[in-house]
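FYI, side chains are in, hydrogens and waters are out, and symmetry mates aren't considered; it's all heavy atoms of this structure.
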Amino acid sequence: MTLVTDSLILARKDLRIELRTRAALAGTLVLGAAALVMVGLAAGPGLGRLRDLAPSLTAIAALFASLAMVDRLDAIDRQNEAFEGLWLGLEDRRAIYLGKMLALTVLQSMLGLALWLLAIVLLDIPVVSGLLWLPALVVFGASAAAAATALVVPLVGGADRRTVLLPVVMLPMLVPTLLAMVNGSRALIDQDPAGAIGWTVVLIAETALFVGLGLLAYEAVATPE
């Protein structure tokens, strides 16, 4: 149980850091709201066009939130050699990966749901019964993105140009997650619950794949220099 316990402790630590300052959450939420408003104005008054844009806008905003959050949390861990201390003090170092993934899943789920609430209001999306499945889609999309991001960030480590390298490395890996989130949420708006459930299963499979890779490879890719 050491792995589970340590993972939950580390996840709680990351959540307390982010929720105390709310820097990444607040900044990304404001940016997402601004994007929704600007795109809504540019698209014009046609409700059909606005509704078609909503899944893509919210998914892209959530994707970049993932990058911003993990970069911020990883930078904090690397201050004053804190990461090296965690590495030496933990019995099972995979707890660092799982803790980061759990924290990112919670944070991205909160952000994704908030962005969708804004989209429903600002883009006049009808509240249909199919949207009851939306929280599940958002959570599994967040977990897939978090599982991949928490694994790849150690590869960038403390590189001088990590701000540039991180999106370059991460975006190709997150394309399937982005497509599943967009298509799944569009299916919900179109009242196609079977399609939404199918895309949710895809996200669950992606999460399982990345978690498996993380548990197998994290210690090898994250070893401090």
Side-chain angles (χ1 to χ4, degrees), residues 24-25 27-29 31-36 39-40 43 48-71 100-123 125-153 166-214:
L25 278 173
T28 309
L29 187 59
L31 180 62
L36 289 172
V39 172
R49 296 177 63 188
L50 295 177
R51 293 166 187 168
D52 287 340
L53 289 171
S56 300
L57 285 174
T58 52
I60 291 172
L63 181 66
F64 280 97
S66 173
L67 299 176
M69 288 176 183
V70 76
D71 184 55
K100 194 73 65 182
M101 178 211 158
L102 291 172
L104 286 171
T105 298
V106 173
L107 293 171
Q108 291 178 62
S109 297
M110 294 169 55
L111 180 65
L113 292 173
L115 287 172
W116 265 107
L117 287 175
L118 285 173
I120 288 171
V121 174
L122 296 176
L123 302 183
I125 297 174
V127 180
V128 295
S129 59
L131 288 180
L132 294 175
W133 187 258
L134 183 61
L137 184 72
V138 170
V139 169
F140 286 119
S143 66
T149 307
L151 174 60
V152 173
V153 162
L166 187 58
V168 171
V169 176
M170 281 303 310
L171 290 180
M173 294 186 64
L174 293 179
V175 166
T177 302
L178 180 64
L179 290 175
M181 292 174 66
V182 170
N183 288 319
S185 53
R186 181 171 290 120
L188 290 178
I189 294 176
D190 294 339
Q191 301 190 56
D192 178 16
I197 291 173
W199 286 110
T200 303
V201 171
V202 172
L203 291 171
I204 293 172
E206 289 181 19
T207 302
L209 173 63
F210 285 124
V211 170
L213 289 174

Practice task
Enter the distance from Trp199:CH2 to Leu179:CG here, rounded to the nearest 0.5 Å.
Solution key: 7.0 Å

Exercise for the section: Give the minimum heavy-atom separation between Ser109 and Val138, together with the two atoms involved. Expected result: O-CG1, 3.8 Å

Exercise for the section: Considering non-hydrogen atoms only, spot the tightest contact between Phe210 and Ala144 and give its length. Expected result: CD1-O, 3.9 Å

Exercise for the section: Could you pull out all residues at least two apart from Ser185 that satisfy side chain to side chain donor-acceptor pair (under 3.5 Å)? Expected result: none

Problem - For the student: nearest non-hydrogen atoms of Val182 and Pro55, plus distance - result: O-CB, 3.6 Å

Exercise for the section: Pick out which of Leu203, Thr105, Val202 makes a side-chain contact (heavy atoms from CB on, under 4.5 Å) with Phe140. Expected result: Leu203

Handout entry: Minimal non-hydrogen separation, Ser143 against Met101, with atom names
Key = O-CE, 4.0 Å

Completion exercise
Rounded to the nearest 0.5 Å, the CG atom of Leu132 sits from the CG atom of Leu137 at a distance of 13.0 Å

Handout entry: Rounded distance (nearest 0.5 Å) linking atom CH2 of Trp116 with atom CG of Leu188
Key = 7.5 Å

Completion exercise
Here the gap from Leu213 atom CG to Leu209 atom CG, rounded to the nearest 0.5 Å, amounts to 4.5 Å

Fill in the blank from the handout: Here the pair of heavy atoms bringing Ala59 nearest to Leu178 is CB-CD1, 3.4 Å

Problem - Non-hydrogen atoms of Thr177 and Ala145 that approach each other most closely - result: CG2-N, 4.2 Å

Handout entry: Nearest-0.5 Å distance that lies between atom CG in Asp192 and atom CG in Asn183
Key = 11.0 Å

Fill in the blank from the handout: When rounded to the nearest 0.5 Å, the distance separating CG of Leu115 from CE of Met110 is 11.5 Å

